[in-house]
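What follows is one structure encoded as structure tokens, with my remarks underneath.
It should be emphasised that the depicted structure is a prediction, and the values quoted were computed from it without experimental measurement. Read the numbers this way: they start at 1 and go in the same order the structure lists the ligands and their atoms. For the numbers below, each heavy atom of this structure counts, side chains included, while hydrogens, waters and symmetry mates do not.
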Amino acid sequence: MSSFRFPNGVTVELIKGDITEIEADAIVNAANSYLEHGGGVAGTIVRKGGWVIQEESREWVRKYGPVPVGGVAVTSAGRLKAKYVIHAVGPRCDIEPIEKLDDAVTNSLRKAEELNLTSIAFPAISTGIFGCPYEDAARVMVRTIRRESPGLKNVRRIIICLYDDEAFNVFDRVFSDEL
Ligand code: AR6
């Protein structure tokens with residue numbers, strides 16, 4: 001684990017592991033625009049949290065339409081330890097610029113603020129099925145977090161949960177470099 005602290009007391013922790021096991025007020029899901037949670041983090045969230053997360057997601061899409069790239073939607077977290085799942089749609093790197101990840105992270109943090117949450121855990125959005133390199137995603141995430149952190153009032157703890165050694169090592173190097 002690595003941890004970084006901003007002057008206003010917000011901490012960023014890099015943790016290796018499974019995001020569904022993390023105790024945070026919200027976990028962020030790496031979702032698609034239709035909130036159909038098949039594989040990757042999304043599939044695990046629904047398997048472990050329960051089908052209610054998929055049902056609430058479909059309800060959201062029926063009500064508001066598909067979530068745009070960079071946008072977010074919120075559901076309960078079913079049986080997971082978190083209170084909410086914030087479903088964030090990252091870019092698909094074969095057709096969209098990695099910079100759209102900035103919007104996905106910004107909107108997730110702002111949604112957590114709006115919900116009065118103190119902690120939020122992110123996976124490495126877009127670096128699995130959506131094909132973005134760890135290095136590029138880490139650069140965007142760290143810069144977004146650095147820019148947004150001074151404005152956070154409720155969120156005190158930001159966790160980035162990396163699934164394997166390779167992802168952890170790249171994120172650790174990039175975050176150490178930039179923070
Ligand atoms: N905990 C933490 N990280 C994980 C976990 C886990 N349990 N499982 C995988 N990862 P992905 P994307 C890592 O594919 O690229 C889904 O089908 C994984 O190693 O989940 O944004 C959605 O429904 C990778 O580094 O998300 C969308 O259709 C990172 O999480 C699409 O995939 C993201 O991988 C979204 O693709």
Would you find a donor on one side and an acceptor on the other, under 3.5 Å apart, between the side chain of [X] and the backbone of [Y]?
X	Y	result
S126	P91	yes
E56	S76	yes
E59	E55	no

Non-hydrogen atoms of [X] versus ligand 1: any pair closer than 4.0 Å?
X	answer
D18	yes
G90	no
C132	no
E36	yes
S126	yes

[atom]: which of [options] has the nearest heavy atom?
atom	options	answer
atom 9 (C) of ligand 1	F171, Y163, F122	Y163
atom 33 (C) of ligand 1	G17, G43, A121, A124	A124
atom 14 (O) of ligand 1	L162, I129, I125	I129

Starting from [atom], what is the nearest protein heavy atom, named by residue and atom, and what distance separates them?
atom	result
atom 15 (O) of ligand 1	G128 N, 2.8 Å
atom 28 (O) of ligand 1	N32 ND2, 2.9 Å
atom 16 (C) of ligand 1	G39 O, 3.4 Å

Where ligand 1 meets V41 - atom numbers and elements under 4.0 angstrom, heavy-atom basis =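 Under 4.0 Å from V41, ligand 1 has these atoms: 4 (C), 5 (C), 8 (N), 9 (C), 10 (N), 20 (O), 30 (O).
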Atoms of ligand 1 less than 4.0 Å from G40 heavy atoms?
->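 The list of qualifying atoms is 20 (O).
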Compare every heavy atom of I22 with every heavy atom of I27, then report the nearest pair and how far apart it is.
->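 What the structure gives for the nearest pair is CG2-O, 4.4 Å.
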Minimum heavy-atom distance between A31 and H87, given as atom pair plus value =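 Heavy atoms of A31 and H87 come nearest at CB-CB, 4.0 Å.
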Is [X] in polar range of ligand 1, meaning some N or O pair under 3.5 Å apart?
X	answer
F130	yes
T20	no
A42	no

Could you label the plane-to-plane angle of the F175 and F171 rings as parallel, tilted or perpendicular, counting under 30° as parallel and over 60° as perpendicular?
->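 If you compare the ring of F175 with that of F171, the planes turn out parallel.
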Electrostatic pair K153-E113, nearest N-O below 4.0 angstrom |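 No, K153 and E113 are not salt-bridged.
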